[in-house]
Amino acid sequence: MVRKSTVLLIVLSLLVTGLGVVGLSSSHAMDEPLVVPIGEKDDTWGMGPLSPGKRGGSVTLASISLPKTFNHAVAQETSSTDVTDLIMGAGLTDTSPATGKTVPAIARDWEISEDRKTYTFHIRKGVKFNDGKSLTAEDVIFTFKKIIFNEKVSADARSILKVEGKLPSIKKVDEYTVQFTTPTVFGPFVRQIGYTPIYPKHAFEDFSGEEFNSAWGKQVASNNPEKIIGAGPFKIKKFAPAQQVVLERNPYYYKRDPEGTQLPYIDELIFLKVENTDVQMLKFKNHELDVHGARAEDIPFLLRNEEDEGWNVKINQKPETGAPAGTDFIAFNWDVDNKELAEVFRKKDFRRAMSHAVNREDIINNIYNGLAIRQVSPISQLSPYYNPEAEEKYPGKFDLEKARKMLDELGLKDTDDDGVRELPNGKDLEFELITNKGATRRVDVGNIVASDFEKIGVKATLNPISFNPMVQKLLGGKYEAVIVGLIGDPIEPNSGKNVWDSDGSLHLWHLKASDNPVEWEKRVTELFNKGLKHVGYENRKKFYDEFQTIVSEQVPVIYTAGEVYLYAHEEKLVNTETYSPLGSTLGHAEYIWWNK
């Protein structure tokens, strides 16, 4: 399933319960089903290693936090989008969880004009929402005109569909055809249009933009789950806010396997709230869970017991295939209310000094048991756009003496000899460092970082808080420093446009940059627009290479380390062969089945 462009990251641990197998009947016939080439060789989907399966059973996913909203377009955190992705489904296009390549979805095919500005999408006939009503061009037009392109709607996808501040136009050609025209060439348009799932016009045509922002909240999901309507593989069956979300198969889903069986294979998908990752591991060890987003500290036990317990443990340490899809980093808030502190945070050499005080090798060895890699770039090593040369400019070497010297040169000295440097106004250089308390590794990283910061005379008080309140602090600019992560499409750099554009909704370190961006922020915005206006990898890469170099020099965020791909699941769960950072259980939820 497609993810949102770039969203706040929470690492989920996964588990499975409830077996049982039923027949291979197809619930609803349709005119133009999407036949996914499961078990067949092709260059795009990459699902040759998988096999057509049997229907039945349920899979339970352990989540640190449950959805804050069930409205996909306005969600800003993966605790929400991991669920809404599966309810809403892909948009006109999708990405294969096996290869990361763009594949058809709601649109069966499309054409691009010679000037590469007009895109004509042909909607698959017979697609229905989970309430049984047909999806047509009217719903596509409504989704983009009234929701995504509506400035009164807090839609994250809007920023990544802009080129030089302008959105594409859209018109209806006929009942099953829509046409977009971009203001200029938009290189990744076909891929990025798929980030937006299609909303049912009949559910929202009387809503204002402001009303839409608060629609499909937790109360609706609890009391009237049938009102949350999408075209994805699942729909809401039950939501207990403090306990779980239960999704059930969408009987109208438009995908089939090559043998004609309607997808998904499993009957239910359950997101169980388990706030602590240690508890998630305990439940997996006790066979209460059947899939687990394993952590480095879990691996020795899992490998020792893999054969006896009937598990399948996956480890991929190759940077080009097993690197994290997202990034973890430290960010300082340039707009913090404490003006003296804000002024210090805005200094490039302060951020570079603090980066030298981050002991990444210690983090990798002691927190990740060596199963992690240093991160130095906003673009994942999974992407062909990753620029290894930018690493040379990044202050990634652990060097406390250099960090002390750089802070001295900035005039940030410990004049009263109490171990803490002073700001220009004489007050101590200290700040609160928040992170989400359920993510034990981020808390451990925070402890290492705070300890090393203390050694250079900077006082960081670590304060782990619940995930959703943390997100509220970040998006409201009400924090001083944070350890957090972002994740999105690891292949396409423009998926991070809402982070790196000066007016991006996740421009976390400088949320007020749209009013007064610094020069390098202006250049990054320019580079992203140039990257959009070119077609082809070779033509676009030079812009993203320069972008990565600027980030390495300016260090707006301090990257730490990212765990390589680790996963564990019950051996009898089938179609896990193509699990990778591009997609594990959530990405393969339509295709996994039980061989029992």
Side-chain angles (χ1 to χ4, degrees), residues 1-5 30-36 44-45 72-73 81 84-97 100-113 116-130 133-150 155-163 167-182 186-201 204 229-233 250 252-255 263 488-489 491-492 494-495 532 587 590:
M1 291 299 299
V2 67
R3 281 187 177 271
K4 278 179 67 70
S5 54
M30 62 176 293
D31 299 330
E32 297 176 322
L34 172 53
V35 179
V36 181
T44 302
W45 286 83
H72 187 88
T81 59
T84 60
D85 271 338
L86 297 162
I87 298 168
M88 299 304 297
L92 294 169
T93 63
D94 198 2
T95 56
S96 167
K101 294 182 178 180
T102 303
V103 294
I106 298 297
R108 57 177 168 79
D109 53 36
W110 50 87
E111 293 119 31
I112 306 173
S113 63
R116 302 197 70 88
K117 294 181 183 179
T118 301
Y119 299 79
T120 304
F121 292 91
H122 302 283
I123 298 167
R124 202 174 298 280
K125 293 181 181 178
V127 175
K128 294 183 178 181
F129 292 103
N130 60 36
K133 294 187 178 180
S134 295
L135 187 159
T136 69
E138 286 291 333
D139 299 292
V140 178
I141 297 292
F142 174 81
T143 294
F144 285 94
K145 280 191 173 182
K146 300 297 185 181
I147 298 176
I148 304 303
F149 297 168
N150 185 348
D156 190 49
R158 185 165 55 250
S159 63
I160 63 166
L161 291 175
K162 288 182 178 180
V163 186
L167 288 163
S169 62
I170 180 174
K171 70 176 183 178
K172 175 182 175 181
V173 177
D174 59 40
E175 188 177 6
Y176 291 101
T177 310
V178 296
Q179 195 172 81
F180 292 85
T181 301
T182 57
F186 192 137
F189 185 78
V190 170
R191 184 181 185 90
Q192 299 215 217
I193 204 70
Y195 293 153
T196 300
I198 308 305
Y199 274 77
K201 179 181 178 180
F204 286 110
I229 303 165
N250 172 7
Y252 301 99
Y253 196 47
Y254 62 94
K255 292 185 184 180
L263 301 175
D489 183 341
I491 305 298
E492 170 52 50
N494 194 58
S495 72
L532 282 182
E590 303 164 74

Those residues that, when tested against Lys201, pass salt bridge (Lys or Arg N to Asp or Glu O under 4.0 Å) (two or more places apart): Glu138
Ignoring hydrogens, what is the shortest heavy-atom contact between [X] and [Y]? Give both atom names and the distance.
| X | Y | result |
| --- | --- | --- |
| Gly89 | Pro233 | CA-CD, 4.4 Å |
| Pro197 | Met88 | CB-CB, 3.5 Å |
| Leu161 | Pro168 | O-CD, 3.2 Å |
| Ala155 | Ile147 | CB-O, 4.4 Å |
| Ala137 | Val178 | CB-CG1, 3.7 Å |

Looking at Lys145, I want to see if its NZ is surrounded by more than 12 non-hydrogen atoms of other residues, nucleotides or ligands under 6.0 Å.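 Counting neighbours around NZ of Lys145, 12 or fewer heavy atoms of other residues, nucleotides or ligands fall under 6.0 Å, so no.
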Please round to the nearest 0.5 Å and tell me the distance separating atom [atom1] of [X] and atom [atom2] of [Y].
| X | Y | atom1 | atom2 | answer |
| --- | --- | --- | --- | --- |
| His72 | Asp85 | NE2 | CG | 5.0 Å |
| Lys255 | Asn250 | NZ | CG | 12.0 Å |
| Leu532 | Phe189 | CG | CZ | 11.0 Å |
| Arg158 | Asp156 | CZ | CG | 9.0 Å |
| Leu92 | Ile123 | CG | CD1 | 6.5 Å |
| Lys117 | Thr181 | NZ | OG1 | 10.0 Å |

Ring pair (Phe, Tyr, Trp, His ring centres under 6.0 Å) partners of Tyr176, counting only residues at least two apart: none
Ring pair (Phe, Tyr, Trp, His ring centres under 6.0 Å) against Phe149, all qualifying residues, sequence neighbours excluded: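 With sequence neighbours excluded, Phe149 shows a ring pair (Phe, Tyr, Trp, His ring centres under 6.0 Å) to Phe144, given in chain and number order.
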Under the side chain to side chain donor-acceptor pair (under 3.5 Å) test, which residues partner [X], sequence neighbours left out?
| X | answer |
| --- | --- |
| Tyr254 | none |
| Lys101 | none |
| Arg124 | none |
| Ser169 | none |

Within the side chain of Thr143, is there an N or O that forms a donor-acceptor pair under 3.5 Å with the backbone of Ile198?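 Pair absent, no side-chain N/O of Thr143 close to backbone of Ile198.
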Heavy-atom donor-acceptor pair, Ser495 side chain to Glu492 backbone, under 3.5 Å: yes
With heavy-atom distances below 4.5 Å as the criterion, would you say the side chains of [X] and [Y] are in contact?
| X | Y | answer |
| --- | --- | --- |
| Val127 | Leu34 | no |
| Phe204 | Phe142 | yes |
| Val36 | Val103 | no |
| Phe121 | Ile106 | no |
| Tyr119 | Ile193 | no |
| Lys146 | Tyr199 | no |

Who pairs with [X] by side chain to side chain contact (heavy atoms under 4.5 Å, CB included), at least two apart in sequence or on another chain?
| X | result |
| --- | --- |
| Glu175 | Thr136 |
| Thr102 | Thr93, Val190, Arg191 |
| Asp109 | His122 |
| Lys133 | Asp131, His202 |

Go through Ile87 and Asn130 one step at a time and tell me if the side chain to side chain contact (heavy atoms under 4.5 Å, CB included) criterion holds. CA-CA 9 Å; Ile87 298 168; Asn130 60 36; 4.3 Å; yes
Applying the side-chain hydrogen bond (donor to acceptor under 3.5 Å, both in side chains) test to Tyr195, which of Thr95, Asp489, Asp94 qualifies?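 For Tyr195, the side-chain hydrogen bond (donor to acceptor under 3.5 Å, both in side chains) check succeeds only for Asp489.
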